[in-house]
Amino acid sequence: MTHTVLKSLNQSLHDMMDADERVLVLGEDLLDPYGGAFKVTRGLSERFPDRVWTTPISEAGFVGVASGMAMRGLRPVVEIMFGDFLLLAADQLVNHAAKFRWMYGDKVDVPLVVRAPMGGRRGYGPTHSQTLEKHFLGVPGLVVVAVNPLVEPGAMLRAATLDDVRPLIFVENKLMYARRVRTPIEGRLGAMRARQQGEPYPTTTLSFADVPASDVTIVAYGGMVEIALEAAETLLIEDEIYCEVCAPTALHPLDIDPIADSVGRTGRLVVCEEASAAAGFGAEVISAVSGRAFDALECAPRRVASRPVPIANAPTMEEAILPQVADILEAVRGSVGRWRASRSA
Amino acid sequence: MTHTVLKSLNQSLHDMMDADERVLVLGEDLLDPYGGAFKVTRGLSERFPDRVWTTPISEAGFVGVASGMAMRGLRPVVEIMFGDFLLLAADQLVNHAAKFRWMYGDKVDVPLVVRAPMGGRRGYGPTHSQTLEKHFLGVPGLVVVAVNPLVEPGAMLRAATLDDVRPLIFVENKLMYARRVRTPIEGRLGAMRARQQGEPYPTTTLSFADVPASDVTIVAYGGMVEIALEAAETLLIEDEIYCEVCAPTALHPLDIDPIADSVGRTGRLVVCEEASAAAGFGAEVISAVSGRAFDALECAPRRVASRPVPIANAPTMEEAILPQVADILEAVRGSVGRWRASRSA
Amino acid sequence: MSEDPSLGPAQRFEQMEGPPAHRLYRQMRLIRCFEDKLLERFEAGDVAGTTHACIGQEADAVGVINHLQRGDVVFSNHRCHGHFLVYSDRPELLAAEVMGRDTGLVQGRGGSQHICWEDFYSNGIQGGIVPVTVGMGLAEKVQNTDAIAVAFLGDGTFGEGAVYEALNMASLWSAPVLFVVENNRWAQSTPVELELAGDFVDRARAFDIEAGQIESTDAEELYEYFGPILESVRAEGRPRMEVIHTYRLCHHSKSDDKRPRQEVEEKKKDDPLPKMRRRLDDEAARRIDAEVAARIDGAFRWASQQPFADPMSIVDPLMERAPQ
Amino acid sequence: MSEDPSLGPAQRFEQMEGPPAHRLYRQMRLIRCFEDKLLERFEAGDVAGTTHACIGQEADAVGVINHLQRGDVVFSNHRCHGHFLVYSDRPELLAAEVMGRDTGLVQGRGGSQHICWEDFYSNGIQGGIVPVTVGMGLAEKVQNTDAIAVAFLGDGTFGEGAVYEALNMASLWSAPVLFVVENNRWAQSTPVELELAGDFVDRARAFDIEAGQIESTDAEELYEYFGPILESVRAEGRPRMEVIHTYRLCHHSKSDDKRPRQEVEEKKKDDPLPKMRRRLDDEAARRIDAEVAARIDGAFRWASQQPFADPMSIVDPLMERAPQ
Ligand SMILES: Cc1ncc(C[n+]2csc(CCOP(=O)(O)OP(=O)(O)O)c2C)c(N)n1
Ligand SMILES: Cc1ncc(C[n+]2csc(CCOP(=O)(O)OP(=O)(O)O)c2C)c(N)n1
Ligand SMILES: [Mg+2]
Ligand SMILES: [Mg+2]
């Protein structure tokens, strides 16, 4: 029985609302029959008419409202229709929600979940295709997680909503909604050995089963995970390069251990992200790995990212701007090639 | 003749407004006799009553207004009273100002300057002490620069306002206003050799004059520059560790060359920033240096930064949260000590 | 801003042939025909992404924009095709843009909702364009150009705080700006009652901004209505808001319409196109229809022959130091 | 929220001794005395950072907060001392907080403008607290607690878009929230005419929110005025806005006052403290003054004996993975 990421999230919301009266859902255009721009909330308003609040177009305002609700006993899940609009709520997230618990001497909790569908590849143009979570990383008190199809997205959403008392941005990816969830079964995912560490926002580490040591660690999160896996397969077949793919879901605070361990085994690091590179997730991973596993690094870590321009609307340009399998191949080959060349010399 | 950072900025605004009718200044509480919260705009409204616009408390709104003005022929300089409030203008900066030029096929320019005083150490508490520019780094189309007393702040502001057609965040530092400007003279700054590269937002590289090779590169910008210099002096005197201090002013796009060159000479890197470390400026520097000068790096780069909690109000805590000279000493000694130990072993 | 500016909309409207009713109809026909063709292309999978058509609201565009002088600024939103076509009369450039061509309005970078041409702009973020437009109007005033600025916004956009910040500053600083509210009664899937408490006109007046409203899809009526209004904004150098109560006859974007079928059917009686067409003699109407159809065909044909947007152009030389 | 909640403000007010005028005066005296002492400490360099006193506006705090029941929520802003002291009657905790002590309200983390105690909160960012308060009020409603929420905001804060987003949602969703606008005619150094176009009450009404206003620094009058208002918010479960036209007699924060001297002097005639004191017999007034002075002395003495905030506590165990 397979299901999509969309289905997993939607089902999780249904189950949570069914089980826990404190769960409320807020956002734009959530009501059935429309059920939200990407249909993650479909069917909720019909079943729970009092607890699905379709909002005015007021991203700052309704994130603020939800913070207030969270501080007074509820478990609101907010949908930002397109993650691009999260910037409108930046002050609410950083100067309000993220600060309240610590600033108020731990007297309050803010169990707020803000869901944000990010990413391009759908031709939506400059203001509806961005991957903006990098700008929200590193805020004291604010958690950022990103799902991918190797974990059960609904379970992660449930943990974020019911078990986590911290305000949290839950990054989804527009293209990923239609993907099948395929979590590892008995330590394997297809041809790869799979390990998941870190609850409730696990990092999945995948490696080809019968290889003692892989050649390179590829880190990818969210929408880049599937692309990294495709690259890893190609590299195996075409280049006999063995990749370990690390797919973290906790972007901040980042659990660097599984990544640093992997680099400890491979000595080489390529980090993929859909945003442009500067001061992004890859920068943090490379810095943190440098801090933890510097001696293991055999060559310069590389970043695969968007070109640093707005995401153009025209498909020819959008494709060239966003990171593709080919970019990962190039980065990995660059890393490994240098080493192979030096080894065979 | 010495003058303060405050005086330099204030004089520059006077001179620009005098010389160029297109320059307008907008922000909260700018009118004389008050002259702005930190007095950077003092005296302007008396001389140029029509071109100093004191605004309502509408950070998003007046940044938007200024963007519009910039697109239609003016050269607005906006003051955000405390840099903490910049988050309210995040959507205007990222989804509007930063995108317009490229998204519109290069048909428009947005020569907008947004001045933002950042930083703590004045006991202003969690919402008035932050160093938030890291969240604005890496936005395609948006420039971020930060002054320090080793460059002439007014000259940099002038370049940003009159010569730069890109929207730009101009980071100042509250404590720095009272500092004396001390630009290098004939290649020297006190006991140090000084070199400035990169116009109009230069990186200053300082090293102790008579040493062939320094031991470590300390990167610091904005309010951390003076602290890094103090640390460098202490390290020289107490530890005989020779530091090169690199003080960039262009945070994004970052000019990595002077820093990478320095690391090429020293092999060791410590990056200082007043914000918390995660996904910040230091992460970008370390990643970029790893990309450019990996082979030169002899040990893991280190970061000196805030503790990852809100900036507490109580002086005892604020001091412990913000990075101090002692933290730099520790990081540098850690870097160099490891090497010295290995060398003497 | 452009090097070889076209006529202003008002001048062009004056130079069009035939009586005003003919001209208004021709312009609306051009918009409708353009969008019908565009949606056809989307259906056929020829065009990627999404688009917001203004079917049913064409009378707003012709009613307002035909009064603008050269140099006047327009800032439109996601639903900008009608505004743009009246402003520019250049359907081929918009067609090329939405089809991702290098000769599109903004070289394929913006697509349907992020365009710029001469003094016309649009952006796809709700609300934020309103303060930007106020700044544009103020810049014109500061520079004594006599130009004014017009911002288009929808009913739903009144949810955004930026709108009120802009109204306040526009009023305090006497910005020569007309805020045109197209109240089409829905924001995406949300009816206006669920998104708006109180009243549009009261909101403007609470900021000491003169405001009025008109319920109409009659292009002639709207054209008459807006003449003196735009004149007054220019003459008085003060902001003003006007609400047009109208209706969107198509889906919000591409194909996601869940509004009550009956309501939409009922509203089709107010479709501005047949309303105006009925005032033309049949011969003239058919001639215009045919001419416009041919023109739009030509525009799309031309556009589809243009080179695709150039993937080599995805650099920004002014930001070149950013890491790749 | 706290484990050992105090009496609600209304209950405490009831249990205070003497007639209402005495009690109101005693509370205002406590606020004034607290802030005078605090400013003295600042002058002396004993306290770091900055602070915003509410001298001249004490009547607002006692007029509104004394009607609140246990469980009702208050969200205040940068100028929160008066509100807090009436809410809590715990000057020693606030003194310890502003003096950076470990036993302060929030362990020295927040200081003067970022405090929390039971159901009282404050934050130093203008505007953003308003939607948060709406959410708090709605949460109480959803959970059928019968509690209401009160947000305090200044005239200048009407510049922020978040306020209007909050008004709209409060109205659409019938939040049991009272918005108390303290129009002290200045925002920092900016007079209200330069920051506000139109009118406060009209703004609320444009969102279909009932609104009223009162020009007063008379604590008894304000106390009488707000009784039925708070009752109606609770009974009707609808938002409401009330504007108190008042005046700040001190500087904005610490020592930056550039307002016209004459205007401030003129306004001193309306100082709420002498106004109320005149209604007490001299004996009672002097007794209250002395008692309050002793209490505040004690509070600051206690506070200054407390241990400084602990630099070892600057960790957040829930975010521990963040790099150091
Ligand atoms: C800040 C922001 N939030 C949400 C959206 C998504 N969105 C696009 S159009 C729209 C509805 C707009 O409604 P209205 O203002 O009435 O304009 P209409 O579509 O009816 O013309 C929404 C919610 C957006 N583009 N920007
Ligand atoms: C978002 C934001 N912008 C600016 C400030 C700086 N600031 C603090 S108080 C203040 C004036 C507030 O005026 P008003 O709302 O009238 O309250 P008052 O100080 O008069 O009580 C300003 C501008 C802030 N704290 N937050
Ligand atoms: Mg609408
Ligand atoms: Mg005020």
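Residue numbers start from 1 in every chain, and the chains themselves are labelled A, B, ... in the order their sequence lines are given, proteins ahead of strands.
For the options C/Met99, C/His114, C/Glu97, C/Arg101, heavy-atom pairs under 4.5 Å to chain A are most numerous at C/His114. Ranked by heavy-atom pairs under 4.5 Å with chain A, the first of C/Gly108, C/Gly100, C/Ser189, C/Ala48 is C/Ser189.
At a 4.5 Å heavy-atom cutoff, the contact between A/Leu88 and chain C is made by side-chain atoms alone. Heavy atoms closer than 4.5 Å to chain A are found in the side chain of C/Asn123, but not in its backbone. Interface remark: C/Thr51 contributes no atoms to any contact with chain A (heavy atom separation under 4.5 Å). Looking at A/Glu318, there are no atoms closer than 4.5 Å to chain C (heavy atoms on both sides), in backbone or side chain. Residue C/Gln113 touches chain A through its side chain alone, counting heavy-atom pairs closer than 4.5 Å. Residue A/Pro33 touches chain C through both its backbone and its side chain, counting heavy-atom pairs closer than 4.5 Å.
Note: C/Phe200 and C/Phe158 have perpendicular aromatic rings, judged against thresholds of 30 and 60 degrees for the angle between ring planes. Taking the six-membered ring for Trp and thresholds of 30 and 60 degrees, C/Tyr87 and C/Trp117 have ring planes more than 60 degrees apart, a perpendicular arrangement.
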Q | Criterion ring-ring contact (aromatic ring centres under 6.0 Å, His included) on A/Phe82 and A/Phe38, from CA distance to verdict | A | CA-CA 9 Å; A/Phe82 282 73; A/Phe38 296 100; 5.3 Å; yes

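Here C/Phe75 and C/Phe152 keep their ring centres 6.0 angstrom or further from each other. In this structure, A/Phe85 has its ring center closer than 6.0 angstrom to the ring center of A/His128.
By the 6.0 Å and 45° rule, C/Arg203 does not stack over the aromatic ring of C/Tyr164.
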